[in-house]
Amino acid sequence: GEDVEQSLFLSVREGDSSVINCTYTDSSSTYLYWYKQEPGAGLQLLTYIFSNMDMKQDQRLTVLLNKKDKHLSLRIADTQTGDSAIYFCAERSGGFKTIFGAGTRLFVKA
Amino acid sequence: DAGVTQSPTHLIKTRGQQVTLRCSPKSGHDTVSWYQQALGQGPQFIFQYYEEEERQRGNFPDRFSGHQFPNYSSELNVNALLLGDSALYLCASSFWTGNNYGYTFGSGTRLTVV
C-alpha cells in the first residue's frame, strides 16, 4: 500500500542543523518531495528528488534518499526562527497522485 | 505572476447542505488536484483534473465531485455535508507532466460544517 510516515515533532536551537526524517512504502515512487506549511497557509514546495538520486543540495537544504530502506531526510543548516513550520514529506505514487505524510512540526528556539 | 487562487477563504455550512469551492491555477498550469486537510493531519488526495476530465480519484465518496473548465480553473462540490467534512480544502496546480516537479498550492478554503 501507499503510506508516508514522519515523526510528529522536532525542536532545535537557532543556528543548529535540523534533520527531519520520513519513510515511505511504495517502492515504485519516482519523485519525492518536501513541502513547508506555515500557520494559516497552503503548502510551499521546498525541494524534490528523483528516485535515482541519492542526494540533492539547495542552499541550506540537503535531501538524502536511501531507496533501499525507503528513507528520505531533509537537513536544514543554520536553522532560523523563520524555519518554524510544519514540514511534509510526499511521494509521487500510484499514477498521478501525490501522497503526503502527517507532517513534522519544527520548533526553533531562539 | 499570480499563484493559485482559491475562493472563498472561509465558509460555514450546515449539515446536509451543499458547497462549491473554486480554484484558479497558476498561470501556465493545466492540471488541478484537490486535497482535504483535517486539523493536525497531512493533505488527503481527493481527485485530479486534466483536460476537463477526472484523471484519478482518491478514497472519497461520490458526494465529492468536481469540474474543470476550458480555462483550467476548477470547482470542488460536496453534497450532503457531514460534520466530518470540516477541513481545509487545498487546490494544487501543476503542469501536465503529472506533478513530477511538484505542486503549487493555494492558501485553501476553510470549511466548517455545523
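All values derive from a computational prediction rather than experimental measurement. Letters go in sequence order (proteins before strands), and every chain restarts at 1. In what follows, every heavy atom counts, from backbone to side chain, and hydrogens, waters and symmetry copies are set aside.
Ring geometry for Phe105(B) against Phe100(A) counts as perpendicular: the plane angle is over 60°, on a 0 to 90° scale with 30° as the lower cut.
With a 6.0 Å radius and a threshold of 12 heavy atoms from other residues, nucleotides or ligands, Tyr48(A) has its OH atom above the threshold. Counting heavy atoms of neighbouring residues, nucleotides and ligands inside a 6.0 Å radius, atom CZ of Arg15(B) does not exceed 12 of them. Shown here is Asn59(B), whose CG atom has no more than 12 heavy atoms of other residues, nucleotides or ligands within 6.0 Å. Around CG of Leu83(B), the count of heavy atoms belonging to other residues, nucleotides or ligands within 6.0 Å exceeds 12. In Leu82(B), the CG atom is crowded: over 12 heavy atoms of neighbouring residues, nucleotides or ligands sit closer than 6.0 Å.
Of the inter-residue distances, the one linking Lys97(A) atom NZ with Arg55(B) atom CZ reads 13.5 Å to the nearest 0.5 angstrom. The structure places CD of Gln37(A) at 7.0 Å from CG of Leu88(B), a figure rounded to the nearest 0.5 Å.
The minimum heavy-atom distance between Leu43(A) and Pro43(B), with the atom names listed, is CD2-CG, 3.9 Å. The two atoms that bring Phe96(A) and Gln48(B) nearest to each other are CB-OE1, 3.3 Å, heavy atoms only.
Under the salt bridge (charged side-chain N to carboxylate O under 4.0 Å, His left out) criterion, Glu14(A) pairs with no residue at all, not counting sequence neighbours. Remark: Arg110(B) engages no residue in a salt bridge (charged side-chain N to carboxylate O under 4.0 Å, His left out) (not counting sequence neighbours).
A heavy-atom distance below 4.5 Å is found between the side chains of Thr98(A) and Tyr103(B).
The part of Tyr35(B) that comes within reach of chain A is its side chain, from C-beta onward, which places non-hydrogen atoms under 4.5 angstrom from that chain. Looking at Gln37(B), only its side chain comes within 4.5 Å of chain A, counting heavy atoms on both sides. Of the two parts of Gln6(A), neither the backbone nor the side chain holds a non-hydrogen atom closer than 4.5 Å to a non-hydrogen atom of chain B. Of the two parts of Tyr35(A), only the side chain, counted from C-beta on, holds a non-hydrogen atom closer than 4.5 Å to a non-hydrogen atom of chain B.
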